[in-house]
Amino acid sequence: MEILLYNTLTRRLEPLVAGDGRRFRMYTCGLTVYDYGHIGNYRTFVAVDVLQRFLASQGFALETVMNITDVDDKMIERARTAGHSVAEHAAIYTQAFLEDLGRLGIQPPTHLAKATDYVPQMVAWIERLVDSGHAYASDGSVYFRVASFPAYGRLSGKDLGGLQAGARVESDQYEKEEARDFVLWKAHKPGEPSWPSPWGPGRPGWHIECSVMSMTLLGESFDLHAGGTDLIFPHHENEIAQAEAVTGRPFVRGWMHVEFLLVNGEKMSKSLGNFFTLRDLLDQGYRASAVRYLLASVPYRRQLNFTLEGLQQAAAAVERLMSLRDRLRQGGLAAGEDAELAAKITAARAGYVAALADNLNTAEALAAIFELVREANIALDAGRLRAANATACEELLHLFDQVFAVLTLAEREKMEASAGLDPATIEARLRERDEARRRRDFRRADAIRAELDAAGIAIEDVKGGGSRWRRK
RNA sequence: GGCGCGGUAGCCAAGUGGUAAGGCAGAGGUCUGCAAAACCUUUAUUCGUGAGUUCGAUUCUCACCCGCGCCUCCA
């Protein structure tokens, strides 16, 4: 099936194809590891993960890169405040980042590229820019000469031609020919990490990092580059300039930009007190499965207004899916299939895939799944759902989870939440309760139910006697 | 000002030139010893406002109002 994605560069929906005919190669701008990632960061990474998982489920072979910015101004400043070396500081928060990704079910990239591992390649690339007249050194730093790259501004739709060429602009620390020129190499300052270069010791600028690492790992022209919408300008614009000024060929064919996450209708900021890291939410008792669901449920090109109420709603939606899967696994179904339900499952599957293939319309994909959830529950209630239907439903839920991954996460979380109790113990208590119910000793039965409930186990009585349990 | 995203029920949100998906929450009901889960009914004669095009517009055009993001290193 053709998968369409909106390309910021062309402002159109375009089919995704592997340019080399084999593997779909894509790069995602990752995190600057000066602190814990916040949910705005993770909205982007979840959206990219949804894309990558969907591509994989549709048979694409992928080669993916995500970068880790482990040296920059903010890294240096924060490390200093924390009393760490920059490398120590980066190691701590890189580790935390990877843990967060795991908790959110975000699959690791093929290559996790740390900027400090690629400095020689960056220096070499800057040399080529300087040699070709696209960059110039000044006081030990090197700047990209935007005037030398006429296509500058194409991605962001900005016309920067109004800026005076040749006007010498003073900034706080560096000297540039023009205000719009940007730094490729920063001259060393005391107390900062540095690497050798033809222009003296220093460190790479942020933009060159992504250009060089992506081309080193994926080739000089690859399929898709993703990041938050705020990176369109100047970051991605600069990446294109740095790359194409040297190669003379298209750097990336498609650009995917994920819209902003707002909190209570405003941009997250520490001063507004609406700033959430994933850890904040987990500490407050919310589950990563609900966070992932919420982040994934709003199509990526829309701003997502994050609220705690929305997070609770997401948790409830995940529970609805989980409880259907539990019901399907109870067994005791008649063999064969109900043809009418089978047709509905097939239709739901088609609707689900078509929605995702249409620029990752996750909201519509979820609607297809939930319509089937209702149909399956109706059939279960009526005793119409048969073994082959259950299998087909489970397969659809599996396909759903291959992309959304919330069931896998929820299952893990439930196990952790009630980890102290093994099934044998639970079932023994359940038998005790059933016995008490038969004696009509409801005080006793309710006490056991409350006890198990407190331990993370929910009990549901079955029509005609007996009961079953599930983890909450 | 430029570029971009958006304004659909209490909340989240899909969508189409032909008369409003889905989730959550609320109310009532079925089931239950009571619950839980599930199901049923109910909650937008209406899609920011005004005008236009059209047999017909939430969907197209124009204007306006409102929210949000980017505009040199913030996902």
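Convention: sequence-line order gives letters A, B, ...; per-chain numbering from 1. These values consider heavy atoms only, across backbone and side chains, with no hydrogens, waters or symmetry-generated copies.
Note on A:Glu413 versus A:Arg471: no salt bridge recorded, every NZ/NE/NH1/NH2 to OD/OE distance being 4.0 Å or above.
Between the side chains of A:Tyr118 and A:Asn67, no donor N or O sits under 3.5 Å from an acceptor N or O. For the residue pair A:Ser323 and A:Asp326, no side-chain donor N or O sits within less than 3.5 Å of a side-chain acceptor on the partner. Checked by atom type, the side-chain pair A:Glu14/A:Thr10 shows a donor-acceptor distance below 3.5 Å. Between the side chains of A:Thr277 and A:His38, no donor-acceptor pair of N or O atoms lies under 3.5 Å. With 3.5 Å as the limit, one finds a donor-acceptor pair spanning the side chains of A:Asp181 and A:Tyr136.
Of the candidates B:C73, B:U8, B:A75, B:C73 carries the atom nearest the A:Lys186 side chain, counting heavy atoms from C-beta on. Among B:A14, B:G33, B:G10, the nucleotide with an atom closest to any side-chain atom of A:Phe442 is B:G33. Comparing B:C11, B:A21, B:U72 by their closest approach to the side chain of A:Ala367 singles out B:A21. Considering only side-chain atoms of A:Asp381, the nucleotide from B:G4, B:A38, B:C11 that sits closest is B:A38. In the set B:G4, B:C71, B:C24, B:G4 carries the atom at the smallest distance from any side-chain atom of A:Glu259. When distances run from any side-chain atom of A:Arg449 to the nucleotides B:A35, B:C73, B:G6, the shortest one goes to B:A35. For A:Asp446, counting side-chain heavy atoms from C-beta on, the closest listed nucleotide (B:G33, B:U8, B:G23) is B:G33. If you check B:A36, B:C73, B:C12 against the side chain of A:Val183, the one that comes closest is B:C73. Between B:A36, B:C40, B:A14, one nucleotide has an atom nearer to the side chain of A:Ile378 than all others, and that is B:C40. Side chain of A:Asp461, nearest nucleotide from B:G6, B:A21, B:A35: B:A35.
Pairing partner, B:C60: B:G52, with both Watson-Crick or wobble hydrogen-bond distances short of 3.5 Å. Under the Watson-Crick or G-U wobble criterion, with both distances below 3.5 Å, B:U16 has no partner in any strand shown. For B:A44, there is no paired base (Watson-Crick or G-U wobble, both distances below 3.5 Å). Across all strands shown, B:C24 is found opposite B:G10 as a Watson-Crick or G-U wobble partner, with both distances under 3.5 Å. In this structure, B:C39 and B:G29 make a Watson-Crick or G-U wobble pair, each of the two defining distances being under 3.5 angstrom. The nucleotide B:G67 finds its pairing partner in B:C5, both defining distances of the Watson-Crick or G-U wobble pair being shorter than 3.5 Å.
Projected onto RNA chain B by closest heavy-atom contact, A:Ala314 and A:Ser297 fall at different nucleotides, the more 5' of which corresponds to A:Ser297. Sequence order on RNA chain B of the closest nucleotides to A:Arg301 and A:Glu364 puts A:Arg301 first from the 5' end.
Rounded to whole Å, atom P of B:G23 lies 22 Å from atom CG of A:Asn305. Spacing between atom CG of A:Leu31 and atom P of B:A75 amounts to 7 Å, rounded to whole angstrom units. Distance A:Arg302 CZ to B:G4 P: 18 Å, rounded to the nearest Å. Rounded to whole Å, atom P of B:G4 lies 21 Å from atom NE2 of A:His235. A:Asn264 places its CG atom 13 Å from the P atom of B:G69, with the value rounded to the nearest Å. One interatomic measurement links the two molecules: CZ of A:Phe306 to C1' of B:C11, which rounds to 14 Å at whole-angstrom precision.
Between A:Trp255 and A:Phe251, the angle of the ring planes lies from 30° to 60°, which puts this pair in the tilted group. Between A:His235 and A:His207, the ring planes are tilted. Angles from 30° to 60° get that label.
Nucleic acid contact for A:Phe370: sugar-phosphate only, since backbone atoms but no base atoms lie under 4.0 Å from a heavy atom of the residue. Using a 4.0 Å heavy-atom distance criterion, A:Ile459 is classed as a base contact. The residue A:Arg11 sits close only to the backbone: its heavy atoms come under 4.0 Å of sugar-phosphate atoms, none of a base. Base engagement by A:Leu261 is indicated by at least one non-hydrogen atom pair under 4.0 Å involving a base atom. Residue-level contact check: A:Lys267 touches the bases, meaning some heavy atom is under 4.0 Å from a base atom. If you check every strand for non-hydrogen atoms under 4.0 Å, A:His257 touches nothing. Residue-level contact check: A:Asp326 touches neither bases nor backbone, having no heavy atom under 4.0 Å from any strand. Residue A:Gly265 is classed as a sugar-phosphate contact, given heavy-atom separations below 4.0 Å to backbone atoms only. If you check every strand for non-hydrogen atoms under 4.0 Å, A:Asp230 touches a base. At a threshold of 4.0 angstrom between heavy atoms, the contacts of A:Gln303 include nucleobase atoms, whether or not backbone atoms are also involved. Contacts of A:Ala363 with the nucleic acid, taken as non-hydrogen atoms under 4.0 Å apart, include base atoms. Residue-level contact check: A:Ile232 touches neither bases nor backbone, having no heavy atom under 4.0 Å from any strand.
RNA chain B lies under 4.0 Å from at least one heavy atom of each of the following residues of residues 430-437 of chain A: A:Arg433, A:Arg437.
By the stacking rule of 5.5 Å between ring centres and under 30° between planes, A:Phe260 does not stack on the base of B:G69.
Annotation for A:Lys114: atom NZ does not count as buried by contact number, only 12 or fewer foreign heavy atoms lying within 6.0 Å.
Rounded to the nearest Å, the gap between the C1' atom of B:C40 and that of B:A63 is 47 Å.
Of the possible donor and acceptor atoms, none in the side chain of A:Asn361 sits under 3.5 Å from a partner among the backbone N and O of A:Ala355.
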